[in-house]
Structure formats: C-alpha cells, structure tokens
Visitor: 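Have a look at the structure that comes next, please.
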Amino acid sequence: SASPDRLWFDPLPSTIEECLALRAAMQKRTLQFVPSTIPLEQVLYKQGTLNPGAVTVFNGLSTSMGRWFHQLHVHEAAVVQVRQWIREFIQHQVQQGCKAFQQARVLIFGSSANGFGSPLSDMDMCLDLPQPLLEEEGTEAMGKLAEFLETVVDDVDTSRLGARIPIVMFRVPSSLWSKDLPHAVVDGMDFVECDLSLRNPLAVLNTAYLRSYAEINPSTRVLASIIKKWAKARDINNPARHTLSSYGYILMLLHFLTSHQKTPSGVVTKLTPGATPLLPNLHWMDPRWPTAAAAA
C-alpha cells in the first residue's frame with residue numbers, strides 16, 4: 001500500500017527543464033515523435049549560406065501539397081452546385097413540412113461553407129427564423145419536421161433532438177439531385193450526410209469570418225487541408241479524446257499567418273512593426289477609427 005506521506009500523484013515539475021521533458025514525453029507518446037523547435041533559418045542557412053538541399057526539400061513539399069489539394073478539390077464546382085441544390089430543396093421541405101417554420105430560411109455553415117473543408121464533407125445547416133421559438137416549442141417543431149423529412153430523405157436520425165440546439169440528421173441521396181444536375185454527379189458521391197439544427201447564428205457568422213480568410217489567400221486553404229489531414233492521420237483531431245478539433249487547428253494556422261511575415265529572401269519570420277503579414281488580421285482596427293467615429 002502507498003505510504004501515508006506519499007501523494008497519489010507525481011510531484012509537479014518545478015523547473016523549465018522538467019516541464020520541457022514532460023512535454024517531450026507527451027509528444028512522443030501522442031505523436032510518436034518530438035517536434036523540432038529549430039528555427040527555419042537554421043535549416044535553410046548554414047553559416048550564412050543558403051542550403052540548396054533544404055530548398056529542394058521545401059520546394060518539393062510545396063509542390064506535393066499543391067498537387068494533393070488540386071486532386072482533392074478537382075470536383076469542387078460540381079459539389080458546390082449539389083450543396084446549393086440541397087439547401088434550396090431542404091428549405092422548401094422545411095417550409096412545407098412544419099407550420100412553425102413556414103418563414104424559416106436554411107443556411108449552410110461549418111466546413112462545407114467556410115472554405116476549409118473537403119468537397120465530401122458533411123453538410124451542416126441551420127434554420128434562421130424571423131422570431132425565435134421557446135425551447136420546448138423548438139424541440140417539438142423539430143420533431144414534427146423530422147417526421148415529415150422521413151418521407152423525402154433517407155436515414156433520418158432524431159437522437160440529438162434533446163440537445164441544447166436540437167439537430168435532425170439525415171442523408172440526401174444522389175437520385176434526388178441527379179435529374180436536375182446530371183453534370184454534377186461525382187463518382188463515389190452517392191449521398192450527402194446532413195445535419196439540420198434549429199438556430200445557430202454564431203456558427204453562421206463564424207463561417208463567414210473563416211470564408212473571408214480563405215478568399216483573401218487561397219494558399220491558406222492548402223495549408224489548412226494538409227494540417228487537417230496530418231492531424232487526422234495522427235488521431236489528434238478529436239475533442240472527445242482531449243485533442244484539438246479541426247477548427248482549433250485552423251485558428252492556430254490563422255494566428256501563425258497573421259503574426260508572421262516573409263523576408264526578401266523568402267524565409268518566414270515573426271512579424272515586425274510596420275511589416276505586411278502573410279495574412280491580414282481581420283481583428284485589427286486602425287487606432288484612428290474610434291477617434292474619427294467619435295468626431296463624426
């Protein structure tokens with residue numbers, strides 16, 4: 001048995017060295033390797049001279065990333081058409097199938113609309129109502145809508161109707177849209193998994209926010225796709241297992257891009273005052289604006 005004067009947990013680290021050692025052990029256990037913290041400049045330059053071997057490796061990596069992203073999104077235009085068709089189709093069914101939702105609009109949010117998802121990502125939608133419903137009314141109305149949707153789509157799942165934000169899950173088969181969009185039928189895209197939630201205005205605004213970054217610099221989408229693929233392969237993109245969500249990794253990427261710059265030699269370094277970041281920070285506000293607004 002444990003000694004009475006012995007704690008049931010290991011003593012907390014008391015030095016920076018101990019913290020770094022514990023972090024390295026965690027990374028080795030979780031990632032199977034310890035990430036390098038060597039600055040990029042030390043990799044690209046040796047004694048002030050550019051290392052051609054490192055440049056070749058990085059150029060090859062960039063080319064491979066771009067090629068993989070292009071292959072992943074080769075049918076993106078067709079998939080966008082399908083998603084828009086589904087949104088309009090579901091909005092029509094919602095307005096017809098439930099009296100409480102006759103004035104509702106169906107909005108797309110999440111990875112299928114923010115520019116950082118795969119073309120085959122699940123489709124997240126929510127109902128935008130002119131007047132919000134009470135919690136009990138909303139859950140009841142979503143239940144009636146689910147009953148109606150069972151007659152027009154496949155595999156309707158109501159297991160999350162009791163959540164804080166009621167959700168109905170279902171599949172929209174390709175047989176529904178193929179007659180209207182025959183040119184948009186993609187091999188392997190037999191159906192689209194859909195989630196329809198009652199109201200989620202914050203998620204809709206956040207989707208527009210991320211979409212702005214995706215549109216400003218398309219390279220951001222390539223980096224995000226690679227990072228998400230890497231995290232999924234390492235099984236470190238599951239909040240249920242105490243790791244970051246894909247959204248968390250995207251936020252980290254955006255922070256990096258908005259806080260770093262490219263030097264004339266092409267090396268990425270931390271942002272210096274007055275320099276142009278790799279990606280503009282949409283949260284930044286010119287300090288003159290509040291004064292100008294007050295004067296107006």
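Here the structure is a predicted model, which is why all the values come from computation and not from measurement. Position 1 is the first residue of the sequence; numbering continues from there. All values below were derived from every heavy atom in this structure, side-chain atoms included, with hydrogens, water molecules and symmetry-related copies excluded.
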Visitor: Consider only side-chain heavy atoms of I, L, V, M, F, W and Y, link residues closer than 4.5 Å, and tell whether Phe109 and Val79 are in one cluster.
Guide: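 As far as the 4.5 Å side-chain criterion goes, Val79 and Phe109 are not connected within one cluster.
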Visitor: Heavy-atom distance under 4.5 Å between the side chains of His75 and Pro119, does that happen here?
Guide: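 Side chain of His75 against side chain of Pro119, heavy atoms only: no contact under 4.5 Å found.
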Visitor: Give a yes or no answer on whether the side chain of Ser197 reaches the backbone of Met125 with a donor-acceptor pair at less than 3.5 Å.
Guide: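 Between the backbone of Met125 and the side chain of Ser197 there is a qualifying donor-acceptor contact (under 3.5 Å).
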Visitor: Shortest non-hydrogen contact from Leu196 to Ile90?
Guide: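 Closest approach of Leu196 to Ile90, heavy atoms only: CD2-CG2, 4.2 Å.
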Visitor: Any non-hydrogen side-chain atom of Lys232 less than 4.5 Å from a side-chain atom of Ser246?
Guide: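 No. Closest side-chain heavy atoms not under 4.5 Å.
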Visitor: Tyr213 and Leu254: which non-hydrogen atoms are nearest, and at how many Å?
Guide: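 Taking Tyr213 first and Leu254 second, the nearest heavy atoms are CD1-CD1, 3.6 Å.
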Visitor: Heavy atoms only: give me the nearest Pro277-Thr258 pair and the separation to one decimal.
Guide: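 Shortest heavy-atom separation between Pro277 and Thr258 comes out as CB-O, 3.6 Å.
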Visitor: Distance from Leu20 atom CG to Thr37 atom OG1, nearest 0.5 Å?
Guide: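 Between Leu20 CG and Thr37 OG1, I get 8.5 Å after rounding to 0.5 Å.
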Visitor: Do Arg234 and Phe33 come within less than 4.5 Å of each other through their side chains, counting heavy atoms only?
Guide: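 Arg234 reaches Phe33 side chain to side chain.
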Visitor: Show your working on side chain to side chain contact (heavy atoms under 4.5 Å, CB included) between Leu257 and Thr220 and close with a plain yes or no.
Guide: CA-CA 8 Å; Leu257 295 176; Thr220 306; 3.8 Å; yes
Visitor: For Arg67 and Gln71, test the side chains for any donor-to-acceptor distance below 3.5 angstrom and give the result as yes or no.
Guide: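 Gln71 and Arg67 do not have a side-chain donor-acceptor pair below 3.5 Å.
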Visitor: Would a single hydrophobic cluster contain both Val204 and Ile167, if residues Ile, Leu, Val, Met, Phe, Trp and Tyr are joined by side-chain heavy-atom contacts under 4.5 Å?
Guide: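 Ile167 does not cluster with Val204.
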Visitor: Treating Tyr209 as the side-chain partner and Leu282 as the backbone partner, does any N or O pair qualify as donor plus acceptor under 3.5 Å?
Guide: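 Side chain of Tyr209 to backbone of Leu282, a donor-acceptor pair under 3.5 Å: no, none is there.
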Visitor: Tell me whether Thr139 contacts the main-chain N or O of Glu136 through its side chain, where contact means a donor paired with an acceptor under 3.5 Å.
Guide: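 Checked: no pair found.
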Visitor: Tell me the closest heavy-atom pair linking Gly117 and Lys228, and the distance in Å.
Guide: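 Looking at all heavy atoms of both residues, the closest pair is CA-NZ, 3.8 Å.
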Visitor: Within the side chain of Gln93, is there an N or O that forms a donor-acceptor pair under 3.5 Å with the backbone of Leu149?
Guide: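 Side chain of Gln93 to backbone of Leu149, a donor-acceptor pair under 3.5 Å: no, none is there.
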Visitor: Going by ring pair (Phe, Tyr, Trp, His ring centres under 6.0 Å), name the pairs with one or both residues in residues 251-280, residues two or more places apart or in two chains.
Guide: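 Non-adjacent pairs meeting ring pair (Phe, Tyr, Trp, His ring centres under 6.0 Å): Phe256-His260.
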Visitor: Group every Ile, Leu, Val, Met, Phe, Trp and Tyr by side-chain heavy-atom contacts under 4.5 Å, then state whether Met123 and Leu181 land in the same group.
Guide: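 They do share one cluster, since a chain of ILVMFWY contacts under 4.5 Å joins Met123 to Leu181.
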Visitor: Would Phe69 and Lys229 satisfy side chain to side chain contact (heavy atoms under 4.5 Å, CB included), going step by step from the backbone distance to the final call?
Guide: CA-CA 11 Å; Phe69 181 83; Lys229 181 178 177 63; over 6 Å; no
Visitor: Between CG of Asp124 and OG of Ser111, what distance do you get to the nearest 0.5 Å?
Guide: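 If I round to the nearest 0.5 Å, the distance is 6.0 Å.
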Visitor: Begin from the C-alpha positions of Tyr45 and Leu50 and carry the test side chain to side chain contact (heavy atoms under 4.5 Å, CB included) through to its verdict.
Guide: CA-CA 4 Å; Tyr45 290 87; Leu50 191 64; 3.7 Å; yes
Visitor: Are the side chain of Arg199 and the backbone of Pro132 linked by a donor-acceptor contact shorter than 3.5 Å?
Guide: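 Not confirmed, Arg199 side chain does not pair with Pro132 backbone.
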Visitor: With a 3.5 Å distance limit and no angle check, can you tell me whether Ser174 reaches the backbone of Ser178 through a side-chain donor-acceptor pair?
Guide: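 Pair absent, no side-chain N/O of Ser174 close to backbone of Ser178.
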Visitor: Distance check, rounded to the nearest 0.5 Å: Asp154 atom CG versus Leu176 atom CG?
Guide: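 That separation rounds to 7.5 Å.
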Visitor: Got more than 12 heavy atoms from elsewhere within 6.0 Å of CD1, Ile38?
Guide: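 It does not: Ile38 CD1 has 12 such atoms or fewer within range.
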Visitor: Would the number of heavy atoms belonging to other residues, nucleotides or ligands and lying under 6.0 Å from CZ of Arg211 be above 12?
Guide: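 Correct, the count exceeds 12.
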Visitor: With a 4.5 Å heavy-atom cut-off, do Phe191 and Asp155 have their side chains touching?
Guide: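 No; the side chains remain at least 4.5 Å from each other.
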Visitor: Dump the intermediate steps for side chain to side chain contact (heavy atoms under 4.5 Å, CB included) on Gln84 and Gln81, then the final yes or no.
Guide: CA-CA 5 Å; Gln84 183 58 29; Gln81 281 190 306; 5.9 Å; no
Visitor: Minimum heavy-atom separation for Val106 and Arg87, please, with both atom names.
Guide: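 Shortest heavy-atom contact: O-NH1, 2.9 Å.
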Visitor: For His183, look at atom NE2 and say whether over 12 heavy atoms of other residues, nucleotides or ligands are found less than 6.0 Å away.
Guide: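 For His183, atom NE2 is crowded (more than 12 foreign heavy atoms under 6.0 Å).
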Visitor: Between CD1 of Ile250 and CD1 of Ile227, what distance do you get to the nearest 0.5 Å?
Guide: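 Interatomic distance, Ile250 CD1 to Ile227 CD1, rounded to 0.5 Å: 9.0 Å.
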Visitor: For Gln103, I'd like to know if atom CD has over 12 heavy atoms of other residues, nucleotides or ligands within 6.0 Å.
Guide: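 Atom CD in Gln103 is not crowded, with 12 or fewer foreign heavy atoms closer than 6.0 Å.
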Visitor: Any sub-3.5 Å donor-acceptor pair from Thr207's side-chain atoms to Asn114's backbone N or O?
Guide: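 No, Thr207 side chain to Asn114 backbone: no donor-acceptor pair under 3.5 Å.
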Visitor: Applying a strict under-4.5 Å side-chain criterion to I, L, V, M, F, W and Y, I'd like to know whether Met189 and Leu72 cluster together.
Guide: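 Looking at the clustering, Leu72 is in a separate group from Met189.
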Visitor: More than 12 heavy atoms of other residues, nucleotides or ligands under 6.0 Å from CD of Gln27: yes or no?
Guide: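 Yes, enclosed.
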Visitor: Does one hydrophobic cluster hold both Met142 and Leu107, with members joined at side-chain heavy-atom distances below 4.5 Å?
Guide: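 Hydrophobic grouping puts Met142 apart from Leu107.
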Visitor: When rounded to the nearest 0.5 angstrom, what is the spacing between CG in Leu253 and CZ in Phe116?
Guide: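 These two atoms lie 7.0 Å from each other.
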Visitor: Which label fits Trp85 and Phe89: parallel for a plane angle under 30°, tilted from 30 to 60°, or perpendicular past 60°?
Guide: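 Taking Phe89 first and then Trp85, their aromatic rings lie parallel (interplane angle under 30°).
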Visitor: So which atom in Val172 and which in Trp177 form the shortest heavy-atom distance, rounded to 0.1 Å?
Guide: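 Heavy-atom minimum between the residues: O-CZ3, 3.2 Å.
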Visitor: Applying salt bridge (Lys or Arg N to Asp or Glu O under 4.0 Å), can you list everything that pairs with Glu147, at least two apart in sequence or on another chain?
Guide: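 In terms of salt bridge (Lys or Arg N to Asp or Glu O under 4.0 Å), with neighbours along the sequence ignored, Glu147 is linked to no residue.
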Visitor: Give every residue pair that meets the salt bridge (charged side-chain N to carboxylate O under 4.0 Å, His left out) criterion with at least one member in residues 259-278, sequence neighbours excluded.
Guide: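 Checked against salt bridge (charged side-chain N to carboxylate O under 4.0 Å, His left out) - neighbours excluded - no pair reaches residues 259-278.
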